[in-house]
S.K.: 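Let me give you the structure first, and then I'll get to my questions.
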Amino acid sequence: MLQSRAWRHFQMRLAILLLCATTTPRTIKAFMSNPTDQSSHLSTLGNLIPMPVSVQPGGATFTLASDTKIMIEATNDELMKIGRYLSDKLKPATGYELPVVAAAESAASKNIVLTTTGGDSTLGDEGYELTVSPDGVKISAHQPAGLFRGIQTLRQLFSPEIERTTPQSAPWTIPTGVIRDYPRFVWRGTMLDVSRHFFKVDDVKRYIDLLAYYKLNRFHLHLSDDQGWRIVINSWPKLATYGGGTEVGGGVGGYYTQAEYSDIVAYAQDRYMMVIPEIDTPGHTNAALASYAELNCNDIAPARYTETKVGFSTLCANKEMTYTFMDDVIRELAAITPGPYIHIGGDEAASTSHEDYIKFIERVQTIVQSHGKQMIGWGEIAKTHLLPTSIAQHWTNDGAHQAAEQGAKIIMSPATKTYLDMKYHPGSPLGLSWAAYIEVKDGYDWEPTTQTPGITEKDILGVEAPLWTETILTMQDIEFMTFPRILGYAEIGWSPMTGRNWAEYSARLAIHGQYLTALNVNFYRSPQVAWLP
Ligand code: TNX
């Protein structure tokens, strides 16, 4: 039940909101996100991350009831899955049944309707319109992905307790209004390095689910490096069984079977997130070279490697066997990867001559294409001749603008801004610092389209934040380095650029500390943010 003082406060806020109902969402935020407000769960229209394109407050409330149903269009398996996702997220804390019912849109009150019928195509593939009225909630979208993104917004309209996994007594009341929303960039990703340290399927799934909450849609898996090969390739079995058998520091390592990889891909797909597999070549290949002597120019297999230096290994660009190997690996990976991309690495090939590098990358580009996929590589691939469908991932002083000049698209992962393995500050317990210290504000306060000379808006697919794991050993570590910085990257990738500013964002972030706590996330409590108790 609402306390009367809180209620008066809420009514006052509603009056202010109604006055500014025609203002931009950012202005609304300034009114709404008062972190000390006890009724903050009723002002959640102002707390959303990423910030929606437009928010029109309605001035009233909707309360979830124990008999609320989630209504979807008749017998549509995909919408049924999305409905169940929402139901599964809201059930534990509310204790309500929230059945998913396939039926024509119902006028019955207190329901949540998910529909693509008549969905506005100008919202694009991931856009949605979320309407909360006192009688019910409706999310409509042109595509199912938009419904899934809209569901994340709906979750954030409730108080943070909604994310707890045990029954809570909070009133499940949310503000009414209309949110129209769609992403700025098509690519909003993270990368997880499972080579330097290996992470099991359940950890990867938890990570994917948390990232989906902030509307990310790309998950790049760095599956091989000097320290470990992490995916079974049936035609070269020792890659996983021997090459996967260690990690940084000499632990046991591990690998995914193809069935496990497919399980990850399907789990991500259910969250409208695409998996991009990376096999890093021609450098960063010691695990492969150790597994098969014939991949080495001198036919001698090196020992496995458990330290953290880079740039010492290379595939042999002048052996035909190397391309048989690449063809086998890419064919098998392509067959279990529904997305259109294969990432072939290409970074820090310090032991490959310039000539060999060009020859290798250009030939591998053709191999990737022959298996029906587009090649992605780190920025260094810009010095080769790229197909217009190839993509360069800009991370450092890598010359990626030359890829843009060739018409290739760019994924922005500038190490000084987006590297999740960079320490927050000199005293951070985990991480590296070769690129920068990246405090939460540094990770938010930059703009992809003006970050790098020669790379402009028309070239940029979006933003990806990589987590290299030389110093990252556990899921707790992954969460500490990722959260809360990833919320900033999610917003840079999704929300309109206009009006973005740290002061306003950090007030919303402070509130999201409560959501992250409810989600049991081990996040870094940066002193730059006025976290709520
Ligand atoms: C550079 S970023 C690398 C990785 C390391 C990372 C550590 C990139 C394409 N290569 O091999 O793990 O630095 O921050």
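These numbers come from a predicted model, not from an experiment. For the numbers below, each heavy atom of this structure counts, side chains included, while hydrogens, waters and symmetry mates do not. Counting convention: from 1, in listed order, for ligands and their atoms alike.
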S.K.: Which ligand 1 atoms are under 4.0 Å away from a heavy-atom of M422?
M.R.: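 So the answer, numbered in order with elements, is 14 (O).
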
S.K.: Got the closest protein heavy atom to atom 12 (O) of ligand 1, with its distance?
M.R.: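 Minimum-distance protein heavy atom for atom 12 (O) of ligand 1 reads E470 OE2, 2.6 Å.
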
S.K.: Between the main-chain N or O of H385 and the side-chain N or O of Q365, is there a donor-acceptor pair closer than 3.5 Å?
M.R.: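 Present.
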
S.K.: For atom 2 (S) of ligand 1, what's the nearest protein heavy atom and its distance?
M.R.: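 Going atom by atom, the protein heavy atom closest to atom 2 (S) of ligand 1 ends up being Y419 OH, 2.5 Å.
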
S.K.: Just need the protein heavy atom nearest to atom 1 (C) of ligand 1, so name the residue and atom and give the distance.
M.R.: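 That would be E348 OE2, 3.4 Å.
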
S.K.: Side chains of H222 and E278: is there a donor and an acceptor less than 3.5 Å apart?
M.R.: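 Yes, side-chain donor-acceptor contact under 3.5 Å.
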
S.K.: What protein heavy atom sits nearest atom 10 (N) of ligand 1, and how far off is it?
M.R.: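 The closest heavy atom on the protein side is D347 OD2, 2.9 Å.
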
S.K.: Enumerate the atoms of ligand 1 whose separation from the nearest heavy atom of L432 is less than 4.0 angstrom.
M.R.: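 Listed by number with element, the hits are 7 (C), 14 (O).
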
S.K.: By number and element, which atoms of ligand 1 are closer than 4.0 Å to a non-hydrogen atom of W434?
M.R.: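 By the 4.0 Å cutoff, the relevant atoms are 7 (C), 13 (O), 14 (O).
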
S.K.: Just need the protein heavy atom nearest to atom 7 (C) of ligand 1, so name the residue and atom and give the distance.
M.R.: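 Of every protein heavy atom, D421 OD2, 3.3 Å lies nearest to atom 7 (C) of ligand 1.
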
S.K.: Does CG in N298 sit with more than 12 non-hydrogen atoms of other residues, nucleotides or ligands closer than 6.0 Å?
M.R.: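 Correct, the count exceeds 12.
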
S.K.: Which residue pairs pass the disulfide (SG to SG under 2.5 Å) test when at least one of the two sits in residues 482-533, sequence neighbours left out?
M.R.: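 For residues 482-533, and leaving out neighbouring residues, there are no disulfide (SG to SG under 2.5 Å) pairs at all.
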
S.K.: Distance-only, no hydrogens or angles: does the Y214 side chain make a donor-acceptor pair with backbone N or O of G488 under 3.5 Å?
M.R.: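 Absent.
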
S.K.: Sequence neighbours excluded, which residues qualify as side-chain contact (heavy atoms from CB on, under 4.5 Å) partners of D445?
M.R.: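 side-chain contact (heavy atoms from CB on, under 4.5 Å) list for D445, sorted by chain: K441, W502.
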
S.K.: Would you call the rings of W395 and W434 parallel, tilted or perpendicular, where under 30° means parallel and over 60° means perpendicular?
M.R.: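 The arrangement is perpendicular - the two ring planes meet at more than 60°.
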
S.K.: For ligand 1, is there an atom lying under 4.0 Å from some heavy atom of H284?
M.R.: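 H284 counts as a contact of ligand 1 under the 4.0 Å cut-off.
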
S.K.: To the nearest 0.1 Å, how far is atom 11 (O) of ligand 1 from its closest protein heavy atom, and which atom is that?
M.R.: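 Result for atom 11 (O) of ligand 1: R196 NH2, 2.9 Å.
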
